[in-house]
Colleague: 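Below is a structure I'd like to ask you about.
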Amino acid sequence: MPHPVDVHVGKRIRHRRWLVGMTQQQLAESVGIKFQQIQKYETGANRVSASRLWDIAASMDVDVSFFFEGIEAQQTGADAVTAGPSDLLGDKEALDLVRSYYAIPENQRRRLFDLARVLSDVA
């Protein structure tokens with residue numbers, strides 16, 4: 001059975017890969033491994049070594065600490081997202097929405113964010 005930290009890191013790899021619009025094949029090629037290994041990392045079936053995680057972070061232009069964000073909340077049982085799917089990082093629609101959101105120019109993005117907050121308060 002995979003360790004919860006390995007599963008969390010794998011989900012964060014998948015999350016970042018989706019955000020930057022990278023396929024498993026592209027990520028694998030950029031770090032010099034087979035895409036099947038990326039699949040195993042993303043499911044937590046295989047543990048990512050420190051040096052490999054460093055390479056993955058560099059190829060996706062993110063700090064290594066990104067892959068561990070939210071682990072404290074998960075370990076204490078606290079849910080970072082109070083309303084929504086239990087595996088937000090695994091929800092393709094949510095990731096597509098986030099990617100589209102960041103493609104919007106900053107001033108319009110801020111207005112959209114404010115609108116979403118108002119609508120969620122009303123609901």
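Only a predicted model underlies this, so the values are computations on that prediction, with no experimental measurement involved. Hydrogens, waters and symmetry mates play no part in the numbers below; they use all other heavy atoms, side chains included.
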Colleague: I would like to know whether I104 and F113 meet side chain to side chain contact (heavy atoms under 4.5 Å, CB included); could you show each step before the answer?
Modeller: CA-CA 11 Å; I104 298 171; F113 179 77; over 6 Å; no
Colleague: Work out which heavy atom in G70 is nearest to a heavy atom in H8; give both atom names and the distance.
Modeller: C-CE1, 3.8 Å
Colleague: Of V9, D6, V5, which is the lone residue that meets side-chain contact (heavy atoms from CB on, under 4.5 Å) with R47?
Modeller: D6
Colleague: Under 4.5 Å between any side-chain heavy atoms of Q24 and L27, yes or no?
Modeller: no
Colleague: Between the main-chain N or O of F66 and the side-chain N or O of R12, is there a donor-acceptor pair closer than 3.5 Å?
Modeller: yes
Colleague: To the nearest 0.5 Å, what is the distance between CE on M22 and CD1 on I56?
Modeller: 10.5 Å
Colleague: In the structure I gave you, are the side-chain heavy atoms of Y41 and I33 within less than 4.5 Å of one another anywhere?
Modeller: yes
Colleague: Considering all heavy atoms of both residues, which atom of G44 and which atom of P2 are nearest to each other, and what is their separation?
Modeller: O-CB, 3.1 Å
Colleague: With a 4.5 Å heavy-atom cut-off, do V62 and F67 have their side chains touching?
Modeller: yes
Colleague: List in chain and number order the residues that pass salt bridge (Lys or Arg N to Asp or Glu O under 4.0 Å) with D114, two or more places apart in sequence or in another chain; answer none if no residue qualifies.
Modeller: R110
Colleague: Is it the case that over 12 heavy atoms from other parts of the model lie below 6.0 angstrom from the CZ atom of R111?
Modeller: no
Colleague: Between atom OG1 of T23 and atom CD1 of I38, what is the distance when rounded to the nearest 0.5 Å?
Modeller: 10.0 Å
Colleague: Show the nearest heavy-atom pair for residues V64 and F68, with the distance to one decimal.
Modeller: O-CD1, 3.7 Å
Colleague: Could you tell me whether the side chain of H15 and the main chain of G10 form a donor-acceptor pair under 3.5 Å?
Modeller: no
Colleague: Does any part of the side chain of E93, heavy atoms only, come nearer than 4.5 Å to the side chain of L97, both counted from C-beta?
Modeller: no
Colleague: Are K11 and E42 ion-paired here, with the side-chain N under 4.0 Å from a carboxylate O?
Modeller: no
Colleague: Same cluster or not: are V48 and F35 linked, directly or through other Ile, Leu, Val, Met, Phe, Trp or Tyr residues, by side-chain heavy atoms under 4.5 angstrom apart?
Modeller: no
Colleague: Could you please spell out the steps behind the side chain to side chain contact (heavy atoms under 4.5 Å, CB included) verdict for Q108 and L112?
Modeller: CA-CA 6 Å; Q108 293 174 350; L112 179 60; over 6 Å; no
Colleague: How far apart are the C-alpha atoms of W18 and D96, what are their side-chain angles, what is the distance that settles it, and do they pass the side chain to side chain contact (heavy atoms under 4.5 Å, CB included) test?
Modeller: CA-CA 8 Å; W18 272 87; D96 285 343; 3.7 Å; yes
Colleague: Find the distance between CH2 (W54) and CG (D63) and round it off to the nearest 0.5 Å.
Modeller: 7.5 Å
Colleague: Got a second to check how far Q25's CD is from S30's OG, nearest 0.5 Å?
Modeller: 10.0 Å
Colleague: Would you indicate whether N107, at its atom CG, is surrounded by more than 12 heavy atoms from other residues, nucleotides or ligands within a distance under 6.0 Å?
Modeller: yes
Colleague: So how far is it from E106 CD to R109 CZ, rounded to the nearest 0.5 Å?
Modeller: 4.5 Å
Colleague: Using side-chain heavy atoms (C-beta onward) and a distance below 4.5 Å, is M60 in contact with I13?
Modeller: yes
